Each structure stands twice: as C-alpha cells, then as structure tokens.
Amino acid sequence: MKRAPLLAAALVVAGCATQPGPPASDLLETYWRAVQIDGQTPIRQPGTRELHIVLKREGNRVSGFAGCNSLAGTFQQDGSALRIGDKLAMTRMACVGEGDALEAAFTKALLSTASWRIVGDMLELRDAQGAGRMIFETRKDSYR
C-alpha cells in the first residue's frame, strides 16, 4: 500500500513546523490501529482483527491485538517519554507463517518504544535512538 510512505512523510513535514497546533487525538483512551511497522505496511491476516493498541488512564494499562493474539500490560508515560512494560500478557492462539512474523514484528517494535508524538490523527512510536518504529492512526468511531 502506498499510503504508509505518505504518512511517514506527513509526520516529518509536520514535525518541522515551527508552531505545531494541538494534536487532534489524545494518546490515552484512543483506539490506535497500526498502519506501519518498521517502515512496512502490516497485512491483516484473513479472519483476524486489525493490529491496534489502546492506552488506558486507569492503572496505566495497555491492551490491543498483535496479529494473532490479544495483548495486555502496563505502560509508563512522562511527557513525550513512553515505555511499554516488558511483561506483556498475551493469549496463546496458534499463529504460523506470516501471522507469526507480523506478531513478532509488532510486539518487538511496541516493546522498543521510548517516546511518542501525535500529528493530527497519527501516532508515531520511536525507539531510544529516536527512530520511528510504528505509526498508528486513530479510528474515532471505534472507542470511547
């Protein structure tokens, strides 16, 4: 899908703005669906839900779907710093082939998160070196 490179470019251009406006979406209590993992557009496996996360205020809990399995855990946020707890609980559905690789890439990128930023309805998660690992898009119709 050609949309992911355009989204990444939009985040870079928007990040260069001298007076950024407030984000259109909140980090917390928002349904974020993955549109890019390590520069690649995730391919949804037949019969599965879309890859997503929700960061909840209460208890600093994260939940979501990683490709084959649901996930749950904790996170810590301080300003633009964000760390997903390294002990994610996941269901144990059978996951083979491309589904297994997708889930591994999703969880690895998620656990490498060190910071975040929102531009419009897009959330970018970055690692400790500042490299963008994942880009999410909000779905306003699906959560709250």
Side-chain angles (χ1 to χ4, degrees), residues 1-18 20-45 48-93 95-144:
M1 200 168 152
K2 304 253 187 248
R3 185 174 171 188
L6 293 174
L7 296 173
L11 284 170
V12 169
V13 170
C16 295
T18 55
S25 300
D26 293 321
L27 175 66
L28 306 180
E29 306 298 336
T30 299
Y31 180 103
W32 295 105
R33 67 176 172 171
V35 295
Q36 191 177 96
I37 303 169
D38 291 329
Q40 302 294 314
T41 301
I43 305 295
R44 187 171 167 184
Q45 299 302 303
T48 65
R49 297 174 284 157
E50 62 192 2
L51 280 70
H52 70 275
I53 59 170
V54 177
L55 300 163
K56 301 173 186 175
R57 276 185 188 84
E58 187 174 336
N60 284 0
R61 306 290 301 168
V62 60
S63 63
F65 183 72
C68 293
N69 291 287
S70 295
L71 64 91
T74 60
F75 70 91
Q76 296 174 337
Q77 186 225 346
D78 184 13
S80 65
L82 177 66
R83 183 174 179 280
I84 306 298
D86 58 359
K87 300 207 189 287
L88 288 176
M90 297 183 70
T91 56
R92 297 289 172 212
M93 300 295 290
C95 191
V96 295
E98 291 178 15
D100 188 44
L102 177 61
E103 184 163 282
F106 182 87
T107 55
K108 182 177 179 182
L110 188 62
L111 292 173
S112 74
T113 299
S115 65
W116 64 280
R117 74 174 170 163
I118 294 175
V119 176
D121 289 330
M122 307 300 293
L123 166 66
E124 180 183 32
L125 299 183
R126 300 181 196 165
D127 64 19
Q129 290 73 40
R133 296 297 305 272
M134 299 179 81
I135 296 175
F136 292 85
E137 176 179 65
T138 186
R139 277 199 23 208
K140 295 183 182 297
D141 62 332
S142 61
Y143 189 77
R144 284 199 196 237

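All of these numbers come straight from a predicted model, not from anything done at the bench.
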With no hydrogens and no angle check, is any side-chain donor or acceptor of S112 less than 3.5 Å from a backbone partner on A109? yes
Value for CE (M93) from OG1 (T48), rounded to nearest 0.5 Å, stands at 11.0 Å
How far does CZ of R126 sit from CD1 of I135, to the nearest 0.5 angstrom? 10.0 Å
How are the rings of F136 and F106 set to each other: parallel, tilted or perpendicular (split at 30° and 60°)? perpendicular
OG-CG distance between S115 and L125, expressed to the nearest 0.5 angstrom: 8.0 Å
P42 and L51 have their tightest heavy-atom pair at CB-CD2, 4.4 Å
What's the shortest heavy-atom distance between M90 and A66, and which atoms? CE-CB, 3.7 Å
CG of L27 to CD1 of I53: how many Å apart, nearest 0.5 Å? 7.5 Å
Sequence neighbours left out, what passes salt bridge (Lys or Arg N to Asp or Glu O under 4.0 Å) with D38? Give chain and number order. R133
CD on E58 to CG on L28, rounded to 0.5 Å: 12.5 Å
Ignoring hydrogens and angles, write down the donor-acceptor pairs under 3.5 Å from the side chains of residues 70-82, residues two or more places apart or on other chains.
{"from": "S70", "atom 1": "OG", "to": "R49", "atom 2": "NH2", "distance (Å)": "2.7"}
{"from": "Q77", "atom 1": "NE2", "to": "G79", "atom 2": "O", "distance (Å)": "3.0"}

Do T30 and L123 touch side chain to side chain, with heavy atoms closer than 4.5 Å? no
Those residues at least two apart in sequence (or on a different chain) that pass side-chain contact (heavy atoms from CB on, under 4.5 Å) with I43 are none
Close side-chain approach of Q36 to M134, heavy-atom, < 4.5 Å: no
Any non-hydrogen side-chain atom of M122 less than 4.5 Å from a side-chain atom of V35? yes
Heavy-atom closest contact (D121 atom, W32 atom, distance): O-CZ3, 3.4 Å
So which atom in C68 and which in D100 form the shortest heavy-atom distance, rounded to 0.1 Å? SG-N, 4.4 Å
So how far is it from K108 NZ to D127 CG, rounded to the nearest 0.5 Å? 10.5 Å
Donor-acceptor pair, distance only, cut-off 3.5 Å: does the side chain of E50 make one with the backbone of R44? no
To check you understand the geometry: which heavy-atom pair defines the closest contact between N69 and T91, and what is its length? OD1-O, 2.7 Å
If we only count heavy atoms from C-beta on, is the I118 to T138 side-chain gap below 4.5 Å? no
